[in-house]
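In the text below, chain A, chain B and the rest are named by the order of the sequence lines, each starting its count at 1. Bear in mind the structure is a predicted one, so any value in this text is a computation, not a measurement.
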Protein chains: 2
Amino acid sequence: MSSSTAPRRGYHHGDLRAGLIREGIALLAETGVAGFSVAKVAARAGVSSAAPYRHFPDREALLAACAAAIIAEVTDVLAAAAEQAGDDPVDRLAATAGAYARYVLDHRAGIDLVYFHDLSGPYHEVVQEESRRLTSALMDLVAAVLPEDTSWADTVEFVYVHLSMTHGYATLLRQSTPKDAEAYAARAAAAARDHITGHLMRLHGSTP
Amino acid sequence: MSSSTAPRRGYHHGDLRAGLIREGIALLAETGVAGFSVAKVAARAGVSSAAPYRHFPDREALLAACAAAIIAEVTDVLAAAAEQAGDDPVDRLAATAGAYARYVLDHRAGIDLVYFHDLSGPYHEVVQEESRRLTSALMDLVAAVLPEDTSWADTVEFVYVHLSMTHGYATLLRQSTPKDAEAYAARAAAAARDHITGHLMRLHGSTP
DNA sequence: GTCTATAATACGATAGAC
DNA sequence: GTCTATCGTATTATAGAC
């Protein structure tokens, strides 16, 4: 019974697969996709450069697993922010923009994997699955903001634009001042609110 | 006089420096920063892998030169789009969002260099110079949209958000359907218009 | 100013011991 | 499942011929 829970030796890991994904995400946050390599991830996890190939067939598969994990985490972060924002639909949607900005500021380069890597290859079904989860969560929040008779296509389009400006603001932001994250998150939320307001104005056919 | 205008030999180039930047931009558009290498750029330009080092001290300098050229081109494209949009300030600003989307669709991965690479190192004064030109051009367009008594800081913030959502929409867009660019550009412009309208509403203190 | 050749390094991936 | 060892390849950058 002595070997059931404790690691057998120094090089043994309880769950190397999970550890590699964790270290992969950390490496991506520091260097971006350009600086990502299987060897570096392995070194960070404290194993040899051959070990990852027991868990992932090639570099691309490890990268895809990291991307899926990042998207999953973002989804959870946005959902939590909406939950915490209260009952008003506009507040809830705007809060996701602020939370996204905060996330990108923390994970810096990590997010570029999701937006700049070609996700159409093999192994990427997992990534697309997580992307659908994220989109789905936002669909619910957006549907609560738009009028009840809004078509599915228009709702999707609004999700698209909301995520776009949220992502764009957060990444531009990352370039400049890295401090005072809360102030920037608040401004990201305010920008999202402007967009929501303007869109509702257009729907109502009035102009300022 | 026979050697003054014509190339002397097969390996001779009139302006290799410019050619390297041109091919570097094309390579970035195809592969992104991760796939960028001095050797590949040299091969595309039809010279040996050592030749670029006569014109750029290292890889980073070539990359910086490409980034500066990309930003300069974007600046020109946005200015031309505003010019072509007519006299209404809102039309002119919204047009830049559409033009940006069109540019990113054409140059795909190329733009990530500008937004995801660390631009704080050496050689990057040129990049920051071009960035300032872009910001400055947008400042004029935004100032024409906002009320005359708007502070400089608020104008900068609006430029920031406008560019953010413009960039975000264009890059998200690049991920999905690559066809029907004009329709997407029109929607990018419409999204920018929503943001402008919503912001003006907030300034006027009214709600939808 | 461009070439050929090369050094030093890092990477992806595999083979075989344990 | 992880190790050590290794092959093949691509990269950055330099040296020296022309």
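Taken from CZ in A:Arg102 to OH in A:Tyr184, the straight-line distance is 15.0 Å, to the nearest 0.5 Å. Atom-to-atom distance recorded for A:Tyr103:OH and A:Ile111:CD1 is 6.0 Å, nearest 0.5 angstrom. Interatomic distance, CG of B:Leu141 versus OG1 of B:Thr155, reported as 12.0 Å (0.5 Å rounding).
The shortest side-chain heavy-atom distance between A:Tyr123 and A:Leu63 does not fall under the 4.5 Å cut-off.
Applying the salt bridge (charged side-chain N to carboxylate O under 4.0 Å, His left out) test to B:Asp91 and every residue at least two apart in sequence or in another chain returns B:Arg193. Considering only residues two or more places apart in sequence or on other chains, B:His162 meets the ring-ring contact (aromatic ring centres under 6.0 Å, His included) condition with none of them.
Between B:Glu30 and B:Lys40 no salt bridge is recorded (no basic side-chain N to carboxylate O distance below 4.0 Å).
When each of A:Phe158, A:Tyr160, A:Tyr169 is checked for a ring pair (Phe, Tyr, Trp, His ring centres under 6.0 Å) with B:Tyr169, only A:Tyr160 meets the rule. When each of B:Thr166, B:Asp88, B:Val142 is tested with B:Leu93 by the rule side-chain contact (heavy atoms from CB on, under 4.5 Å), just one qualifies, namely B:Val142.
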Evaluate A:Asp154 against A:Leu146 for side chain to side chain contact (heavy atoms under 4.5 Å, CB included), listing each step before the verdict. CA-CA 9 Å; A:Asp154 285 351; A:Leu146 298 180; 5.6 Å; no
Stepwise, does the salt bridge (charged side-chain N to carboxylate O under 4.0 Å, His left out) test hold for B:Arg187 with B:Asp194? CA-CA 10 Å; B:Arg187 283 199 246 167; B:Asp194 281 350; over 6 Å; no
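Near DNA chain D, meaning a heavy atom under 4.0 Å away, the residues from residues 25-40 of chain B are B:Ser37, B:Val38, B:Ala39, B:Lys40. In the region residues 55-67 of chain A, proximity to DNA chain C at under 4.0 angstrom, judged on heavy atoms, holds for A:Asp58, A:Arg59.
The C1' atoms of five pairs define one axis at each end of the helix from C:dG1-D:dC18 to C:dC18-D:dG1, and these two axes lie 0° apart (to 10°).
Regarding B:Leu20, its CG atom lies at a distance of 15 Å from the C1' atom of D:dT12, rounded to whole Å.
Side chain of A:Tyr53, nearest nucleotide from C:dC3, D:dC3, C:dA13: C:dA13.
The local environment of CD in A:Glu125 is crowded, with over 12 non-hydrogen atoms from other residues, nucleotides or ligands closer than 6.0 Å.
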Taking only nitrogen or oxygen atoms into account, show me every contact under 3.5 Å that the protein makes with nucleotides 16-18 of chain D, one pair per line with its distance.
none

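For the pair A:Arg92 and A:Asp87, the tightest heavy-atom approach, listed with the atom from each and the gap, is CD-O, 3.7 Å.
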